[in-house]
Student: 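Got a structure for you, questions after.
Worth knowing before you read on, the calculation uses all heavy atoms, side chains too, and leaves out hydrogens, waters and symmetry mates. Small disclaimer: the values here were computed from a predicted structure and weren't measured.
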Amino acid sequence: MNRIILLISFCFFGTSIASAQKFHFGLKASPNLSWFSSSSKGFSTSGSKVGFSYGIVTEFGFTDAENYAFATGLEFNSRGATLTDNTVPAIPVENEIKLQYLDIPLTLKMKTAAKGKIKYFAQVGFVPGFNIKARTTTTTPTTSEEDDFSSSINLFDLSFLIGGGLEYNLGGTTAGFVSLTFNNGFLDITDKDYSVADKSSSVKATNKVVTLNIGILF
């Protein structure tokens, strides 16, 4: 994990030196709301989970006006939801799953011309993610137990991101920003052999996340 972080940091700062005038670096904090989607027989999803992400953001402008930019970064993201195994109807097994990912957004950011101090933007792209922690609280009609869940979660996740927001110029090249994004996961987050109660059956689930992003760019 440390090697991945060092490699990404080297790429970011190496590129910034090569194109310093069009490079912006910043920080963000983002509350989110996530839930699971599953069509597997015998399984159901319920409710949503409030999570939080934070990290660095970077932008590399394609033009001098910077109306188009490659936006990426490095984010630590907490999300999850509840997945229930109903394969034995008389004994439902409810799993409240808490996940943590290291996300690396790869997106295109498209900005309007400035209107006063404000620029509006749309953002679209993909978000590879690497699971770094997973825990579950498993509840049956008679028991409740919290346990590590990492072995039942796939290491790699990938989602499609779409969203929009605005930037407010704070002076010079510094700007505050706020945006709303939706991540539509399309890879199964669970291990292919995972099943809560019955090892002869399996479940597939994808993650959906709505995020409010608040941050600053320098």
Student: Taking only residues two or more places apart in sequence, or in another chain, which ones meet Tyr54 in a ring-ring contact (aromatic ring centres under 6.0 Å, His included)?
Tutor: Phe76
Student: Is it true that a side-chain atom of Asp157 and a backbone atom of Thr206 form a donor plus acceptor pair closer than 3.5 Å?
Tutor: no
Student: Does any part of the side chain of Lys98, heavy atoms only, come nearer than 4.5 Å to the side chain of Glu96, both counted from C-beta?
Tutor: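 Yes, side chains in contact.
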Student: In terms of hydrophobic clustering (I, L, V, M, F, W, Y; side-chain heavy atoms under 4.5 Å; direct or indirect links), are Leu187 and Leu102 co-clustered?
Tutor: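 Same hydrophobic cluster.
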Student: Please check if Leu74 and Ile132 belong to a single hydrophobic cluster, counting links between Ile, Leu, Val, Met, Phe, Trp and Tyr side chain heavy atoms closer than 4.5 Å.
Tutor: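 Yes, because Leu74 and Ile132 connect within a single hydrophobic cluster, where side-chain heavy atoms sit under 4.5 Å apart.
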Student: Got a sec, which pairs hit salt bridge (charged side-chain N to carboxylate O under 4.0 Å, His left out) with one end in residues 122-144, sequence neighbours left out?
Tutor: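 Applying salt bridge (charged side-chain N to carboxylate O under 4.0 Å, His left out) to every pair that reaches into residues 122-144, excluding sequence neighbours, yields Arg135-Glu146.
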Student: Look only at the side chain of Ser34 and the backbone of Gly80, and say whether a donor-acceptor pair between them is shorter than 3.5 Å.
Tutor: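 Pair found, side chain donor or acceptor close to backbone of Gly80.
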Student: Can you list every side-chain hydrogen bond (donor to acceptor under 3.5 Å, both in side chains) pair that touches residues 43-53, not counting sequence neighbours?
Tutor: Ser44-Asn86
Student: Which residues pass the side-chain hydrogen bond (donor to acceptor under 3.5 Å, both in side chains) test with Thr107, not counting sequence neighbours?
Tutor: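 Expected list: Gln123.
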Student: Taking all atoms of both residues into account, what is the closest heavy-atom pair of Ser144 and Thr139, and its distance?
Tutor: OG-OG1, 3.5 Å
Student: Taking Leu27 as the starting point, is it possible to reach Val127 by hopping between hydrophobic residues whose side chains are less than 4.5 Å apart?
Tutor: no
Student: Donor-acceptor pair, distance only, cut-off 3.5 Å: does the side chain of Asn154 make one with the backbone of Thr190?
Tutor: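 Flag set: sc Asn154 to bb Thr190 pair under 3.5 Å.
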Student: Can you find a heavy atom in the side chain of Leu158 that is under 4.5 Å from one in the side chain of Phe186?
Tutor: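 Yes, close enough: below the 4.5 Å cut-off.
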Student: In Å, rounded to the nearest 0.5 Å, how long is the span from CG of Leu170 to NZ of Lys117?
Tutor: 8.0 Å
Student: Would a 4.5 Å heavy-atom cut-off, applied to side chains only, mark Asn95 and Thr84 as touching?
Tutor: no
Student: Apply side-chain contact (heavy atoms from CB on, under 4.5 Å) to Ser40 and list each qualifying residue two or more places apart in sequence or on a separate chain.
Tutor: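 In terms of side-chain contact (heavy atoms from CB on, under 4.5 Å), with neighbours along the sequence ignored, Ser40 is linked to Ser38, Phe43, Val203, Lys204.
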Student: Measuring from atom CZ of Arg79 to atom CD1 of Ile97, what distance do you get when rounded to the nearest 0.5 angstrom?
Tutor: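 That separation rounds to 12.5 Å.
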Student: To the closest 0.5 Å, what do you measure between CZ (Phe52) and CD (Gln100)?
Tutor: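 So the CZ of Phe52 and the CD of Gln100 are separated by 12.5 Å.
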Student: Going from CD on Glu59 to CD on Glu66, what distance comes out if it is rounded to the nearest 0.5 angstrom?
Tutor: 8.0 Å
Student: With a 4.5 Å limit on heavy-atom distance, are the side chains of Phe70 and Leu106 in contact?
Tutor: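 Yes. Closest side-chain heavy atoms under 4.5 Å.
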Student: Give, for atom CG of Asn77 and atom CZ of Phe130, the distance between the pair rounded to the nearest 0.5 Å.
Tutor: 14.0 Å
Student: Using side-chain hydrogen bond (donor to acceptor under 3.5 Å, both in side chains) as the criterion, list what pairs up with Thr173, not counting sequence neighbours.
Tutor: none
Student: Let's go through Phe149 and Thr138 carefully: what are the C-alpha distance in whole Å and the side-chain angles of both, what is the deciding distance for side-chain contact (heavy atoms from CB on, under 4.5 Å) to 0.1 Å, and is it a yes or a no?
Tutor: CA-CA 10 Å; Phe149 206 57; Thr138 303; 5.8 Å; no
Student: Among residues two or more places apart or on two chains, list those pairs meeting ring-ring contact (aromatic ring centres under 6.0 Å, His included) that have a residue in residues 83-123.
Tutor: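 Those involving residues 83-123 do not exist here.
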Student: Do Val57 and Val178 share a hydrophobic cluster, counting only Ile, Leu, Val, Met, Phe, Trp and Tyr and linking them when any side-chain heavy atoms are less than 4.5 Å apart?
Tutor: no
Student: Do the side chains of Phe177 and Leu108 join up, straight or via other hydrophobic residues, at under 4.5 Å, putting them in one cluster?
Tutor: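 The answer is no; the residues belong to distinct hydrophobic clusters.
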Student: Run the side-chain hydrogen bond (donor to acceptor under 3.5 Å, both in side chains) test against Ser150 and tell me which residues pass, sequence neighbours left out.
Tutor: Asp148
Student: Identify, with sequence neighbours excluded, every residue that meets side-chain contact (heavy atoms from CB on, under 4.5 Å) alongside Ser151.
Tutor: none
Student: Would you give me the side-chain donor-acceptor pairs under 3.5 Å for residues 207-218, sequence neighbours excluded?
Tutor:
| from | atom 1 | to | atom 2 | distance (Å) |
| --- | --- | --- | --- | --- |
| Lys208 | NZ | Asn184 | OD1 | 2.4 |
| Lys208 | NZ | Gly185 | O | 3.2 |
| Asn213 | OD1 | Lys28 | NZ | 2.8 |
| Asn213 | OD1 | Ser30 | OG | 3.0 |
| Asn213 | ND2 | Ser179 | OG | 3.1 |
| Asn213 | ND2 | Thr181 | OG1 | 3.2 |

Student: Work out which heavy atom in Ile104 is nearest to a heavy atom in Gly73; give both atom names and the distance.
Tutor: CG2-O, 3.6 Å
Student: Using atom types as modelled, flag every donor-acceptor pair under 3.5 Å from a side chain in residues 159-168 to any protein atom, sequence neighbours excluded.
Tutor:
| from | atom 1 | to | atom 2 | distance (Å) |
| --- | --- | --- | --- | --- |
| Ser159 | OG | Asn183 | ND2 | 3.1 |
| Glu167 | OE2 | Lys109 | NZ | 3.0 |
| Glu167 | OE2 | Lys111 | NZ | 3.2 |

Student: Output the rest of the hydrophobic cluster of Val50: all Ile, Leu, Val, Met, Phe, Trp and Tyr residues reachable through side-chain heavy-atom contacts under 4.5 Å, sorted by chain and number.
Tutor: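 Leu33, which link up through side-chain heavy atoms under 4.5 Å apart, make up the rest of the cluster.
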Student: Should we count CZ of Phe156 as having more than 12 external heavy atoms under 6.0 Å?
Tutor: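 Correct, the count exceeds 12.
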Student: Side chains of Asn131 and Leu99, heavy atoms from C-beta outward: is any pair under 4.5 Å?
Tutor: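 A side-chain contact under 4.5 Å exists here.
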Student: Provide the closest heavy-atom pair for Asn67 versus Ala113 in the form atom of the first, atom of the second, distance.
Tutor: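 Residues Asn67 and Ala113, closest heavy atoms: ND2-N, 4.0 Å.
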